[in-house]
Amino acid sequence: MFLPCLIYNEHVVSLSLTSWYHYDLSRHAAEAILLSNGKDGSYLLRKSQDGPMLYALSVRGKDSVKHFQIERTENSIKFGFNEFRSLSDFVNHFANQPLIGSETGTLLILKKPYPRKVEEPSIYESVRVHTAMQTGRKESDLVSEAPSLGTKEGYLVKQGGRVKSWKTRWFILHRNELKYFKDKMSTEPIKTLDLTECTGVQFDYSQERINCFCLVFPERTYYMCTKTGVEADEWIKLIRWKLSQMKKAAKS
């Protein structure tokens with residue numbers, strides 16, 4: 001196992017040689033990657049969103065991913081009550097010792113680093129929501145029940161095309177399609193939006209409603225509203241992620 005060190009030279013940390021440092025990878029994406037392609041004990045290092053001097057170590061257990069905060073100082077790495085002179089020392093220390101992964105006593109051992117340079121085909125489409133697995137059931141038992149991390153569904157209030165009235169519709173986001181139905185029980189969608197043709201998604205403040213966002217297509221802009229701003233932000237972020245993945249695929 002290749003364990004490049006953090007170089008503390010004139011208070012500058014070099015992480016470029018660390019093959020399993022994933023820079024700005026989000027918590028959500030880290031869980032998707034490790035649950036989809038990792039194994040029990042797979043781990044990766046990423047920046048923490050909690051501060052510039054903080055990192056997060058994401059470690060996969062059997063059916064979930066735990067996150068541990070790491071603090072960078074001028075000449076060491078602090079993890080809990082322990083302090084290490086380098087990243088290599090940190091990983092070596094835990095290679096043969098368990099990490100306390102949760103208050104329930106789940107033990108995780110760092111076994112295999114997950115490399116940064118690897119193809120991740122449709123990681124959000126193949127991963128089951130790990131929180132649903134906390135029930136103790138096997139992943140196979142959850143296939144028909146838990147949505148993948150790349151899917152999202154729920155009721156949105158949508159503005160009509162010709163008649164600018166607002167109606168509640170059931171939306172399902174899956175792969176590169178956003179479908180909306182009359183209600184949750186309907187089997188045939190009213191319409192299917194091909195996200196490969198979508199040019200953008202963003203919050204919208206032009207409507208006389210709050211918590212709205214819009215999807216821009218060449219022939220039309222679709223306006224939807226949610227109950228909360230947080231919910232609207234979730235839809236926007238996931239759709240943006242899908243659009244970015246499609247752009248990367250188109251360039252490759």
Side-chain angles (χ1 to χ4, degrees), residues 1-7 13-72 77-80 82 84-102 106-134 138-140 142-143 146-151 237-238 241-242 244-245 248-249 252:
M1 181 171 60
F2 179 56
L3 299 173
C5 297
L6 281 173
I7 302 173
V13 181
S14 175
L15 288 168
S16 60
L17 296 178
T18 308
S19 64
W20 41 276
Y21 174 56
H22 290 244
Y23 297 96
D24 294 317
L25 187 72
S26 69
R27 178 190 181 103
H28 191 65
E31 292 174 352
I33 288 174
L34 292 174
L35 286 171
S36 177
N37 299 330
K39 298 180 180 180
D40 186 10
S42 294
Y43 59 90
L44 59 83
L45 184 67
R46 58 186 177 83
K47 286 183 180 179
S48 172
Q49 299 177 346
D50 296 330
M53 301 293 286
L54 299 176
Y55 296 89
L57 184 72
S58 300
V59 187
R60 174 177 172 169
K62 292 182 179 180
D63 53 18
S64 65
V65 175
K66 305 297 181 182
H67 306 276
F68 305 90
Q69 183 169 287
I70 302 170
E71 181 183 2
R72 186 195 76 194
I77 299 174
K78 291 184 178 180
F79 176 82
N82 299 307
F84 307 89
R85 301 292 296 179
S86 69
L87 179 61
S88 178
D89 291 342
F90 170 78
V91 175
N92 283 330
H93 177 78
F94 286 107
N96 298 308
Q97 298 185 30
L99 293 174
I100 302 299
S102 69
T106 302
L107 300 179
L108 300 175
I109 300 177
L110 298 182
K111 294 180 181 180
K112 185 177 179 61
Y114 193 89
R116 179 174 63 251
K117 295 182 179 181
V118 63
E119 294 295 327
E120 302 293 352
S122 303
I123 56 173
Y124 277 83
E125 308 302 337
S126 60
V127 184
R128 299 295 164 183
V129 178
H130 73 280
T131 52
M133 298 179 184
Q134 303 306 314
K138 296 180 180 179
E139 184 173 357
S140 58
L142 296 165
V143 170
S148 70
L149 292 178
T151 67
K237 286 182 176 179
L238 184 52
W241 180 85
K242 285 179 175 289
S244 67
Q245 295 301 303
K248 290 180 181 179
S252 61

The test is side chain to side chain contact (heavy atoms under 4.5 Å, CB included); show your working for Arg116 and Trp20 and say whether it passes. CA-CA 5 Å; Arg116 179 174 63 251; Trp20 41 276; over 6 Å; no

Give, for atom CZ of Phe84 and atom CD1 of Ile77, the distance between the pair rounded to the nearest 0.5 Å. 8.5 Å

Per the side chain to side chain contact (heavy atoms under 4.5 Å, CB included) rule, which among Lys78, Gln69, Gln49 passes with Leu54? Gln69

Kindly indicate whether the side chain of Tyr55, heavy atoms from C-beta on, has any atom under 4.5 Å from the side chain of Arg72. yes

Rounded at 0.5 Å granularity, tell me how far OG in Ser42 sits from CD1 in Ile33. 11.5 Å

Approximate separation, where rounding is to 0.5 Å, of Lys66 NZ and Leu57 CG: 13.5 Å

Are Leu44 and Val59 side-chain neighbours, meaning at least one heavy-atom pair lies under 4.5 Å? no

If I take atom CG from residue Leu25 and atom CG from residue Leu34, how far apart are they, to the nearest 0.5 angstrom? 8.5 Å

Non-neighbouring partners of Lys237 that pass side-chain hydrogen bond (donor to acceptor under 3.5 Å, both in side chains), sequence neighbours left out: Asp233

Here the gap from Phe68 atom CZ to Leu45 atom CG, rounded to the nearest 0.5 Å, amounts to 13.0 Å

Evaluate the side-chain proximity of Tyr43 to Pro113: yes if any heavy-atom separation is below 4.5 Å, no if none is. yes

Residues pairing under salt bridge (Lys or Arg N to Asp or Glu O under 4.0 Å) where one sits in residues 33-46, two or more places apart or in two chains, turn out to be none

Distance check, rounded to the nearest 0.5 Å: Lys112 atom NZ versus Arg60 atom CZ? 13.5 Å

Backbone of Lys47 reached by a side-chain donor or acceptor of His22 within 3.5 Å: no

